[in-house]
2 protein chains.
Amino acid sequence: MVRGMSTDRLEPDPTRLAAWEAFVFAHAAVVGRIERELAGDPDLVPLAWYDVLTALSEAPGERLRLSELAREVVLSRSGLTRLVDRLEAAGLLRREACPDDGRGTLAVLTPAGEAALRRTWPAYARGIVAHFARHLDDDEARVLSAALGRIRDAAREP
Amino acid sequence: MVRGMSTDRLEPDPTRLAAWEAFVFAHAAVVGRIERELAGDPDLVPLAWYDVLTALSEAPGERLRLSELAREVVLSRSGLTRLVDRLEAAGLLRREACPDDGRGTLAVLTPAGEAALRRTWPAYARGIVAHFARHLDDDEARVLSAALGRIRDAAREP
DNA sequence: GTTATATTGTTGCTCTTGCAACTACCAGGA
DNA sequence: TCCTGGTAGTTGCAAGAGCAACAATATAAC
């Protein structure tokens, strides 16, 4: 697993607890800020929409099963249903029946969805740089990417 | 500011972008898991309550102005008003008039609030270890604490 | 002292989310 | 084949959070 601590401790040591607290509140503060910045321009989509559209744009055929999408953006299935409702109503994606599974539904990115993605990216990127990336040196960036990626993958498992 | 990048870039480099994406989804996955674990036991308080109670327990006199508390837990003032309503209704804190400012209100931790904190900590600590701390070696823990602390402090400023 | 400006906390409203229950569908076993 | 268990997606419901607007109080300018 990981060196430097016994893996069956019941409490985090002070350094890891400080990391956890910084993690939680940094997330709230930074995401809140970026969200408000995006909300200031009616042409830009909110972060939750952006996450869904990005996941679709990176998927083969720009389409994904709803259950897959829910795992991808870390949302409950019911939450994802409503989110996809809103995106579909806005024309940024469309639902399509899954050919090989009668239960399934695919979300498919539309040209309007791609356009929304491209339109939102510059402001989003500025927010990431100004409130997050700007404060990291190269070593820290690598460590965060590796460590948080590992944590995310573990927490996403069933 | 920080070495290793020019500070006026409009987009994050790939490493920092990967760090950002891991940061966002790791938070959603880990906090969601811990929240569900706590919700499984009716004697434990949810994370938002825990954050408020901790902030109070660490403040001098175990009391804090509501505006200070809102900054501390990164919540809007209206959001904090309702949250404090719920905590007060549950008897975990009480409101008190601020002696030196007629506009102000203090939130004061009650014994029941301290008890809730102590009761919730073990399960919360287990969640932090199992889903977060367990995946960090000592170096990573130090880097996360420092870097995310810096990011949090910057994003909390007005 | 009076007036103008800013801050504190609360409320109305709306949006978003999760859980539990439900339907529709798939897969495996008798 | 039929039946049983499991999965996919949707819905009713309730809880939580933010914005804008408001009343009360404080602070500064004059």
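Convention: sequence-line order gives letters A, B, ...; per-chain numbering from 1.
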Handout entry: side chain to side chain contact (heavy atoms under 4.5 Å, CB included) involving Ala22(A) - partner list, sequence neighbours excluded
Key = Leu148(B), Arg152(B)
Completion exercise
side chain to side chain donor-acceptor pair (under 3.5 Å) filter on Ser76(B), not counting sequence neighbours, yields Ser78(B)
Atom pairs under 3.5 Å, N or O on each side, protein against nucleotides 1-6 of chain D: can you list them with distances?
from: dG6(D); atom 1: N2; to: Arg103(A); atom 2: NH1; distance (Å): 3.2

Counting only pairs under 3.5 Å, give me each side-chain donor-acceptor contact of residues 89-98 of chain A, with atom names and distances, residues two or more places apart or in other chains.
from: Arg94(A); atom 1: NH1; to: Glu96(A); atom 2: OE1; distance (Å): 2.3
from: Arg95(A); atom 1: NE; to: Glu88(A); atom 2: OE1; distance (Å): 3.0
from: Arg95(A); atom 1: NH2; to: Asp85(A); atom 2: OD1; distance (Å): 2.1
from: Glu96(A); atom 1: OE2; to: Arg63(A); atom 2: NH1; distance (Å): 2.8

Handout entry: Salt-bridge contact Asp139(B)-Arg142(B) (side-chain N to carboxylate O under 4.0 Å)
Key = yes
Completion exercise
Residue set satisfying side chain to side chain contact (heavy atoms under 4.5 Å, CB included) with Glu58(A), at least two apart, ordered chain then number -> Thr54(A)
Output a table of donor-acceptor pairs, distance under 3.5 Å, between side-chain atoms of residues 37-51 of chain A and any protein atom two or more places apart or on a different chain; print 'none' if there are none.
from: Glu37(A); atom 1: OE2; to: His131(A); atom 2: NE2; distance (Å): 2.6
from: Asp41(A); atom 1: OD1; to: Asp43(A); atom 2: N; distance (Å): 2.8

Practice task
Identify, residue by residue, the members of residues 57-64 of chain B with a heavy atom below 4.0 Å from DNA chain C, and return them in order of residue number, or none.
Solution key: none
Problem - With Arg156(B) via salt bridge (Lys or Arg N to Asp or Glu O under 4.0 Å) - residues at least two apart - result: none
Completion exercise
Per the under-4.0 Å heavy-atom filter, residues of residues 32-41 of chain B near DNA chain C come out as Arg36(B)
Handout entry: Pairing residues for Arg82(B) by the salt bridge (Lys or Arg N to Asp or Glu O under 4.0 Å) criterion, not counting sequence neighbours
Key = none
Problem - Axis bend over the full length of the helix from dG1(C)-dC30(D) to dA30(C)-dT1(D), computed from five pairs that close each end, to 10 degrees - result: 20°
Taking only N/O atoms, report every protein-nucleotides 10-14 of chain C pair under 3.5 Å with atom names and distance.
from: dT10(C); atom 1: OP1; to: Arg95(B); atom 2: NH1; distance (Å): 2.6
from: dT10(C); atom 1: OP2; to: Thr81(B); atom 2: OG1; distance (Å): 3.0
from: dT10(C); atom 1: OP2; to: Arg95(B); atom 2: NH1; distance (Å): 3.0
from: dG12(C); atom 1: N7; to: Arg82(B); atom 2: NH2; distance (Å): 3.2
from: dG12(C); atom 1: O6; to: Arg82(B); atom 2: NH2; distance (Å): 2.5

